[in-house]
Colleague: 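Once you've had a glance at the structure underneath, I'll fire off some questions.
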Amino acid sequence: MFGKKWAALAAGVMGVTLLTGCGGAADSAGGGAITLGFSQVGAESGWRTANTKSIQESAKSAGIELKFSDAQQKQENQITAIRSFIQQKVKVIAFSPVVESGWDTVLKEAKTAGIPVILTDRSVDSSDKTLYKTFLGSDFVAEGKKAGEWLVKESAAATGDVNVVELQGSTGSAPANDRKKGFADAIGSTSKIKVVASQTGEFTRAKGKEVMEAFLKSQSKIDVLYAHNDDMALGAIEAIEAAGKKPGTDIKIVSVDAVKDGMQALADGKINYIVECNPLLGPQLMDLVKKVSAGEEVPARIETQETEFDQAKAKAALPQRQY
Ligand code: AHR
């Protein structure tokens, strides 16, 4: 009784959306349903919406009671939510960290309370790996590398410089740091490929459009846009068209995610290549929640299986695309 009231009060006061679901899966330690506290980054992109839906639906079908909190892109909201989950004595805590750094204190609090933590989608840069049980998600460095390798091949016949502008994800986030690194590593030895401008577009369409407008004004020649997600690429496409240029032709575009709108733009020839980042983590997460709450050992790292799409592959995949 105290737990629910406290949570509702905390959510109201701090602007954190906290939804309580119900379910009936027996806690294998003996007794009530397994309660999972999940702190989500926010609702910045199509990818995030699909990820939230996958987690909510999977919790329901696994009979896990989900306490879902939307951090609205703020680390302090995630820390507040995790502390609220500890107060409520949830069985397991899972979260997708908005940024990589600054988690040790709250993770130590969860450990002291005996509540196992699962990282999903994004990891933390903590050196103490005992603070969480496992990390389920993509290899973001590999994603950036695939985007860079595509560009190296695509530029093989180019005789002059290939000028690239980069729309980075949210500053300090694992996908922004890692996709930048992977791409830079892949193009590293190809001196004609030059990243002439790189700025955050915060993983949103609106910011992607705004930053691309600025790039188009400040750069005399842009050959390629590398966007760390589809939403920023879609915003940038609007800016490119408004500037009288043809996305996919005058400016080549490579992005990451492969959400439906991105895949449609790829099929339409406005994007040239997309590296997939799979948001459907819910079923695997619920499986892990059951295992860790039963005290079973789980692998320290579980990597998501992903592919890449060119225009033909996108056209073939679109009719079955779930998100
Ligand atoms: O952490 C995954 C990234 O976060 C997705 O690529 C992006 O769209 C989202 O906002």
Side-chain angles (χ1 to χ4, degrees), residues 38-55 70-75 77-78 94-101 103 118-125 135-148 166-183 199-209 211-212 225-237 253-266 271 273-282 284-285 301-309 321-323:
F38 184 86
S39 171
Q40 180 60 290
V41 168
E44 73 282 7
S45 63
W47 189 100
R48 190 63 55 196
T49 306
N51 180 248
T52 293
K53 193 165 171 259
S54 170
I55 287 161
D70 178 342
Q72 296 163 19
Q73 306 291 331
K74 293 194 176 77
Q75 182 175 32
N77 286 348
Q78 287 199 301
F95 76 115
S96 172
V98 62
V99 290
E100 284 189 283
S101 312
W103 297 102
I118 299 173
L119 303 176
T120 80
D121 161 37
R122 300 178 178 182
S123 191
V124 297
D125 65 4
F135 164 41
L136 163 68
S138 309
D139 181 339
F140 297 132
V141 177
E143 289 171 352
K145 198 164 167 249
K146 287 179 198 170
E166 178 179 30
L167 282 170
Q168 296 177 40
S170 315
T171 307
S173 70
N177 294 341
D178 293 355
R179 287 173 188 165
K180 184 171 178 52
K181 181 185 182 314
F183 185 81
Q199 207 180 304
T200 181
E202 295 168 5
F203 281 132
T204 68
R205 273 188 210 205
K207 195 73 185 173
K209 182 178 179 191
V211 177
M212 191 68 204
L225 163 66
Y226 167 43
H228 289 192
N229 81 345
D230 290 345
D231 281 78
M232 293 189 293
L234 292 162
I237 285 171
I253 301 178
V254 54
S255 69
V256 184
D257 273 358
V259 294
K260 231 179 198 166
D261 289 354
M263 294 280 273
Q264 189 59 59
L266 177 57
I271 293 180
Y273 200 70
I274 300 182
V275 178
E276 186 182 40
C277 180
N278 186 356
L280 306 180
L281 304 177
Q284 277 173 292
L285 174 60
R301 173 79 171 101
I302 300 163
E303 217 176 283
T304 321
Q305 296 303 307
E306 283 151 0
T307 184
E308 299 107 74
F309 293 93
R321 203 74 183 156
Q322 288 179 49
Y323 53 90

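Every number for a ligand or one of its atoms is a count from 1 in the order of the listing. What you see below is based on every heavy atom in this structure, not just the backbone, and it leaves out hydrogens, waters and symmetry mates.
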Colleague: Using atom types as modelled and distance alone, determine if a side-chain donor or acceptor of D257 lies under 3.5 Å from a backbone N or O of N229.
Modeller: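 Side chain of D257 to backbone of N229: no pair is present.
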Colleague: Considering all heavy atoms of both residues, which atom of C277 and which atom of E306 are nearest to each other, and what is their separation?
Modeller: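 That closest heavy-atom pairing would be CA-OE2, 3.4 Å.
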Colleague: With a 3.5 Å cut-off and no angle check, do the side chains of S45 and D231 form a donor-acceptor pair?
Modeller: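 Distance-only check fails for S45 and D231.
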Colleague: Taking T304 for its side chain and G137 for its backbone only, find out whether a donor-acceptor pair lies under 3.5 Å.
Modeller: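 Side chain of T304 to backbone of G137: a pair is present.
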Colleague: With hydrogens left out, which residues have an atom under 4.0 Å from ligand 1, given that only heavy atoms count?
Modeller: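 Residues E44, S45, W47, R48, D121, R122, F140, P175, R179, F203, N229, D257 each place a heavy atom under 4.0 Å from ligand 1, listed by chain and number.
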Colleague: Under the 3.5 angstrom rule, does the side chain of D230 hit a backbone N or O of A258 as a donor-acceptor pair?
Modeller: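 Yes, because the side chain of D230 sits within donor-acceptor range (under 3.5 Å) of the backbone of A258.
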Colleague: Between S173 and V98, what is the shortest heavy-atom contact and its length?
Modeller: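 So the two residues come closest at CB-O, 3.3 Å.
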